Colleague: 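Can you keep this structure in mind? I'll have questions shortly.
Computed from a predicted model, the values in this text were never measured in an experiment.
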Amino acid sequence: KPWIFKHIEHELRTGVTLPAPTRAERAAIALRHAHITVETTNLPEKVAVRELRGQLSKYVLDEPGSKHIRNQLARVETIADVEAIVLPLAE
C-alpha cells in the first residue's frame with residue numbers, strides 16, 4: 001500500500017481519513033511501480049519483472065471474487081506484459 005504514507009500525512013494534518021484508492025488509481029500506482037523498478041534496477045528486465053510478480057498482486061486489481069488479473073500478473077515476463085494487463089485498468 002504505497003499510498004499509506006500520503007493517507008497518514010493527510011489524516012494527521014486534517015483529521016480526515018482519505019478513502020481507499022480506486023481500482024484505476026491502484027492500477028496506475030502499480031504500473032508506475034513496475035516502470036520505476038525496471039528503470040532503476042541493474043537486473044535484466046525479465047528478472048526484474050519476475051521479481052515484481054508477487055508485489056503487483058498486492059495491488060488487488062481483480063474484481064471482488066475474481067483472480068483473473070492476479071493469475072495473469074503471476075505469469076508476466078516483460079514490462080510490456082505488465083502494461084497490457086494493467087494499463088486498461090488505469091484508464
Colleague: Could you tell me whether the side chain of V47 reaches within less than 4.5 Å of the side chain of T41, counting heavy atoms only?
Modeller: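 Counting from C-beta outward, T41 and V47 never come under 4.5 Å.
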Colleague: So R53 and L73, side-chain contact (heavy atoms from CB on, under 4.5 Å) or not? Walk me through it.
Modeller: CA-CA 6 Å; R53 290 174 177 175; L73 289 172; over 6 Å; no
Colleague: Could you tell me the separation between the CG atom of L43 and the OG1 atom of T37, rounded to the nearest 0.5 Å?
Modeller: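 Between L43 CG and T37 OG1, I get 10.0 Å after rounding to 0.5 Å.
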Colleague: Could you tell me whether the side chain of D81 reaches within less than 4.5 Å of the side chain of Q72, counting heavy atoms only?
Modeller: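 Not touching, per the 4.5 Å side-chain cut-off.
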Colleague: Are the charged groups of E11 and K6 less than 4.0 angstrom apart, N to O?
Modeller: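 Judged by the 4.0 Å cut-off on N to carboxylate O distance, E11 and K6 do not form a salt bridge.
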Colleague: Going by the rule side-chain hydrogen bond (donor to acceptor under 3.5 Å, both in side chains), which residues pair with R32 if we only count those two or more places apart in sequence or in a different chain?
Modeller: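 With neighbours one apart ignored, the set is empty.
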Colleague: Does any donor atom in the side chain of E83 or H35 lie under 3.5 Å from an acceptor atom in the other side chain?
Modeller: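 Yes.
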Colleague: Any donor and acceptor pair, going by atom type alone, linking the side chain of S57 with main-chain N or O of G54 inside 3.5 Å?
Modeller: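 Here the side-chain-to-backbone pair exists.
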Colleague: First locate atom CG of D62, then atom CG of N71, and finally report the distance between them rounded to the nearest 0.5 Å.
Modeller: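 One gets 7.5 Å once the value is rounded to the nearest 0.5 Å.
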Colleague: Could you tell me which non-hydrogen atom of A28 sits nearest to which non-hydrogen atom of A90, and how far apart they are?
Modeller: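 Residues A28 and A90, closest heavy atoms: N-CB, 3.8 Å.
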Colleague: Which distance, rounded to the nearest 0.5 Å, do you find between the CZ of R70 and the CG of L61?
Modeller: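 It comes to 11.0 Å.
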Colleague: Taking atom CD1 of I69 and atom CD1 of I85, what is their separation to the nearest 0.5 Å?
Modeller: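 Interatomic distance, I69 CD1 to I85 CD1, rounded to 0.5 Å: 7.0 Å.
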Colleague: State, yes or no, whether a side-chain contact exists between E25 and W3 at a heavy-atom distance under 4.5 Å.
Modeller: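 No, every pair of side-chain atoms sits at 4.5 Å or beyond.
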Colleague: Kindly indicate whether the side chain of E45, heavy atoms from C-beta on, has any atom under 4.5 Å from the side chain of E77.
Modeller: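 No, side chains not in contact.
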Colleague: Find out whether R23 and Y59 are in side-chain contact, i.e. whether some heavy atom of one side chain is under 4.5 Å from a heavy atom of the other.
Modeller: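 When only atoms from C-beta onward are counted, Y59 and R23 do not touch, as no gap falls below 4.5 Å.
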Colleague: Kindly work out whether a path of hydrophobic side-chain contacts (I/L/V/M/F/W/Y, heavy atoms less than 4.5 Å apart) joins L87 to I79.
Modeller: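 As far as the 4.5 Å side-chain criterion goes, I79 and L87 are connected within one cluster.
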Colleague: Of all heavy-atom pairs between A27 and V86, which one has the smallest distance, and what is that distance?
Modeller: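 Answer, listing the atom of A27 first, then V86: O-CG1, 3.2 Å.
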Colleague: What's the separation between atom CD1 in I29 and atom NZ in K1, rounded to the nearest 0.5 Å?
Modeller: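 Spacing of CD1 (I29) from NZ (K1) equals 12.0 Å.
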Colleague: Just verifying a value: how many Å separate L18 CG and I4 CD1, rounded to the nearest 0.5 Å?
Modeller: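 Answer rounded to 0.5 Å: 11.5 Å.
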Colleague: If we only count heavy atoms from C-beta on, is the P21 to H7 side-chain gap below 4.5 Å?
Modeller: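 Counting from C-beta outward, P21 and H7 do come under 4.5 Å.
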Colleague: Taking side chain as C-beta onward, heavy atoms only, is L52 less than 4.5 Å from V82?
Modeller: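 No, every pair of side-chain atoms sits at 4.5 Å or beyond.
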